Amino acid sequence: MSQNVVPHSYFLKENVVALAKELLGKRVVTVIDGERVSGIINETEAYAGVIDKASHAYGNRRTKRTEIMYKQGGHIYVYLCYGIHSLLNIVTNRRDIPHAILIRSIVPDFGLNTMCDRRGILNLKNIANGPGKVAQALGILPQHTGLLLGEKKEHEIIWIEEGISVDDKLIEATPRIGIDYAEEDKHRPWRFVIPASEIHKKIEAHEN
DNA sequence: CTTTAGATCGTCT
DNA sequence: GACGATCTAAAGG
């Protein structure tokens, strides 16, 4: 069932922007609280560390919170935003290069019931289309910071699978969301999106 | 459909 | 002490 797992070494790649784009179409899987759920990634943002004013690690900022970003690629960084929302990031690049990719949206393809329970009943279409919703649907919390992709810890595990192929022409690149403070870096087109409808087509075609 | 306000707390200044 | 890599409900058009 879990063939085509992407090894965490995949996230050692240097180009975080290219990597964020490549993540589209891949599948995130979690087993947390004994519940397995997964979804196809359809929106990401790249955060280019030291040189990127939108990044928590801008200017080589090293604090207790950002320390995880300086580990090798493939680690999980979960940021608590507005005191309420957990945001799921994957650290990339080699040790001491604090790059990260924010997963902003997934199209659920397994464990819909569990996701609905975790989120509270809502429009199925909007169950994981936003960074806070993604983490909540997957059962991810700030305490999961430090997990390495594919490595089980206390019966909890998160990994990435190849998922589905995506047509490059469907990918839209836009400025990142919610980073007005980032001055000249706020316009960089480092957010990548595929319409959820396109993912649905692929998922259905695959099942038939 | 769009706009707006309120929730809520760890982190850094 | 201020402020977020956000979401929702409610109110208005």
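So you know, we letter chains A, B, ... as the sequences are listed, proteins then strands, and number each from 1. Everything numeric here is computed off the predicted structure, so don't read it as measured data.
Between Asn129(A) and Lys133(A), the side chains place a donor N or O and an acceptor N or O closer than 3.5 Å (distance only, hydrogens not considered). No side-chain N or O of Arg118(A) forms a donor-acceptor pair with one of Gln136(A) less than 3.5 Å apart.
Pairing of dA5(C), defined by two Watson-Crick or G-U wobble distances under 3.5 Å, is not identified with any nucleotide. When both distances must be under 3.5 Å, the Watson-Crick or G-U wobble mate of dT8(B) does not exist.
Using a cut-off of 4.0 Å between Lys/Arg side-chain N and Asp/Glu carboxylate O, Glu172(A) and Arg191(A) are scored as not salt-bridged.
Atom P of nucleotide dT6(C) and atom CD1 of Ile140(A) are separated by 17 Å, given to the nearest angstrom. Computed from coordinates, the Arg62(A) CZ to dT13(B) C1' distance equals 20 Å when rounded to whole Å. Look at CG on Asn129(A): it is 11 Å from C1' on dC7(C), rounded to the nearest Å. In this entry the distance linking OH of Tyr77(A) with C1' of dG4(C) reads 11 Å, nearest Å. For the pair His85(A) NE2 and dT8(C) C1', the interatomic distance rounds to 8 Å; values are reported in whole Å. Atom CG of Asp180(A) is separated from atom P of dT6(C) by 10 Å (rounded to the nearest Å). In this entry the distance linking CG of Leu141(A) with C1' of dT8(B) reads 15 Å, nearest Å. Look at OH on Tyr79(A): it is 15 Å from P on dC9(B), rounded to the nearest Å.
Residues Ile68(A) and Leu147(A) are members of separate hydrophobic clusters, defined by side-chain heavy-atom contacts under 4.5 angstrom among Ile, Leu, Val, Met, Phe, Trp and Tyr.
Across dT11(B), dT8(C), dT6(C), the shortest atom-to-atom separation from the side chain of Arg65(A) is found for dT11(B). Checked against dA5(C), dC7(C), dC12(B), the side chain of Lys133(A) finds its nearest nucleotide in dC7(C). Checking dT8(C), dA5(C), dA7(B) against the side-chain heavy atoms of Arg119(A) singles out dT8(C) as nearest. Distance from the side chain of Leu80(A) is smallest to dG10(B) among dT13(B), dG10(B), dA5(C). The nucleotide whose nearest atom lies closest to any side-chain atom of Leu102(A) is, among dG4(C), dC7(C), dA5(C), dA5(C). Here dT6(C) is the nucleotide among dT6(C), dC12(B), dA5(C) with the atom lying nearest to any side-chain atom of Tyr82(A).
With hydrogens and angles ignored, the 3.5 Å screen pairs a side-chain donor or acceptor of Asp185(A) with a backbone N or O of Lys53(A).
Here Arg176(A) lies out of heavy-atom contact (under 4.0 Å) with every strand. Base engagement by Ile84(A) is indicated by at least one non-hydrogen atom pair under 4.0 Å involving a base atom.
A sub-4.0 Å separation between OP1 or OP2 of dT11(B) and a side-chain N or O of Arg61(A) is absent.
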